[in-house]
Protein chains: 2
Amino acid sequence: MAEILAVATQEFAAGGLSGARIDAIADATRTSKRMIYYYFGSKEGLYLAVLEESYRSVRLTEGELHLADLPPEEALARLVGFTFDHHWNSQDYIRIVMSENIQRGEYLAQSKIIQKLNVPAINAIRELYERGVADGLFRAGLDAIDIHASISALCFFNVSNQYTFDLIFKRDGSSPKALKTRRANIIEMILRYVRK
Amino acid sequence: MAEILAVATQEFAAGGLSGARIDAIADATRTSKRMIYYYFGSKEGLYLAVLEESYRSVRLTEGELHLADLPPEEALARLVGFTFDHHWNSQDYIRIVMSENIQRGEYLAQSKIIQKLNVPAINAIRELYERGVADGLFRAGLDAIDIHASISALCFFNVSNQYTFDLIFKRDGSSPKALKTRRANIIEMILRYVRK
DNA sequence: CGCGGAATGGACCAACCAGTACATCCGCGT
DNA sequence: ACGCGGATGTACTGGTTGGTCCATTCCGCG
């Protein structure tokens, strides 16, 4: 089961829902196509399972970053840096989210599980942002979801559009040096956005 | 020909390369499948044509914004606002770029045309940024491509991930009010990034 | 031991779908 | 009128692919 999900995640990430082949998934596992249907019922059932598992696996484990122990600016910098790294290391997840958006989110909308799991990152942002405002460091009136949207956008795009972006600008955004620079710039951008 | 491309753009945008159906495209045009193969040779040939046409159609028409007539900050705000609107109004293009990135850019890499067309937005950014630095308004040392990456990321994500984002946060990012707010915030973010 | 339900293997099928064969037609130059 | 090359309609095909049928095996339990 776990093996099927792992292989299916790769396959769906590589080709999207329509590009993935059940036979290919079956061949790459030690089980058979028969078993995939036995457990997941249909290709779409498998896709939904992969989608749910992907979202579950990338949840920020709250507290793990110990943001509460840090002053607001450092906490935010750490959160953004972590998000950047996390996205870069979860490329399959990024691709699955992309393909789900191409399907206009119709499978995510079906999932009862995912819509329940709130996003811990929002709470983390809200908490440190409010501390920052209280300390007189951050400007008031900003929305935690909006800040999260910006962090996600910058970190997500860095992975999701790397191929077309690199081709057009003839650069290599995946080199350690480029990643380091981009990472620092994104952190700087978010900090400047919330600072007074 | 133009009709085929228009219909094919929609179809590929809706389902990606593998999700699109040649029969569906043929049925939606006044021509037949036979003609699609006559003109484009293969499904992939058609996809490449759509890809190239998409990139061509979204090129910023330089000068059209009259950025040179505006002070640096206003010029930048205008460029970002325009990019935001432009992306929002080119959702098919966004989807095709997404699906091309899912294919790891292999078709864009084949295109001889696209790699030649430099992106005018970069020149516009560089020009107004340098003016801003000269005027003492912007901080020095920033890279035009990096600024462009941020603008693109923020504007692109707003379209590309709208379905999953809205579902998870139970909001409606496509309402006029939400769009207006988000647009203003993105402009503010970019301005704060370049200001001294 | 033997029963019952879960797990599995492997051949099979029906629909789908990219791509083609063949014949025809249109329009233009001579 | 005629020839010729580009354009077009129709029917077809061969491979692919999601999904299933039937039969068998495995395993826990009374």
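As the structure is a computational prediction, the values presented were derived from the model and not from experiment. Below, read A as the first sequence line, B as the second, and so on, with proteins coming before strands; counting in each chain starts at 1.
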Derivation of the side chain to side chain contact (heavy atoms under 4.5 Å, CB included) call for B:S150 and A:F157: CA-CA 9 Å; B:S150 296; A:F157 185 90; over 6 Å; no
Heavy-atom pair of closest approach, residues [X] and [Y]:
X	Y	result
B:R78	B:L70	CD-CD1, 3.6 Å
A:D92	A:A13	OD1-CB, 3.5 Å
A:T31	A:M35	CB-CB, 4.1 Å
A:A144	A:I122	O-CD1, 4.0 Å

May I have the distance from [X] (atom [atom1]) to [N] (atom [atom2]), rounded to whole angstrom?
X	N	atom1	atom2	answer
B:M35	C:dA18	CE	P	18 Å
B:L17	C:dA18	CG	C1'	12 Å
B:M1	D:dT8	CE	C1'	15 Å
B:R30	D:dT8	CZ	P	12 Å

Any A:Y39 side-chain N or O less than 4.0 Å from OP1/OP2 of C:dT8: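 A:Y39 to C:dT8 OP1/OP2: side-chain N or O found under 4.0 Å.
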Distance test, side-chain N/O of A:S32 to OP1/OP2 of C:dT8, below 4.0 Å: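 No, because none of the side-chain N or O atoms of A:S32 sits under 4.0 Å from OP1 or OP2 of C:dT8.
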Aromatic contact, A:Y193 with B:Y193 (centres under 6.0 Å):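 No, the ring of A:Y193 stays outside the 6.0 Å limit from the ring of B:Y193, centre to centre.
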So which protein nitrogen or oxygen atoms get under 3.5 Å of nucleotides 16-19 of chain D's nitrogens or oxygens?
residue, atom, partner, partner atom, Å
D:dT17, OP1, A:R21, NE, 2.7
D:dG18, OP1, A:A20, O, 3.3
D:dG18, OP1, A:R21, NH1, 3.0
D:dG18, OP1, A:K43, NZ, 3.3
D:dG18, OP2, A:I22, N, 3.1
D:dG18, N7, A:K33, NZ, 3.3
D:dG19, OP2, A:Y37, OH, 3.0
D:dG19, OP2, A:K43, N, 2.8
D:dG19, N7, A:K33, NZ, 3.0
D:dG19, O6, A:K33, NZ, 2.7

Sugar-phosphate, base or nothing in reach of B:F40, heavy atoms under 4.0 Å: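 Answer is nothing: B:F40 stays at 4.0 Å or more from every strand.
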Contact state string [nucleotides 21-28 of chain C, B base, S sugar-phosphate only, - no protein heavy atom under 4.0 Å]: BB------
Residue pairs fulfilling ring-ring contact (aromatic ring centres under 6.0 Å, His included) with at least one residue in residues 105-127 of chain A, sequence neighbours excluded: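 The answer is A:Y47-A:Y107.
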Plane angle bin for A:H86 and A:F82 - parallel if under 30°, tilted between 30 and 60°, otherwise perpendicular: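 Rings of A:F82 and A:H86: parallel, as their planes differ by under 30°.
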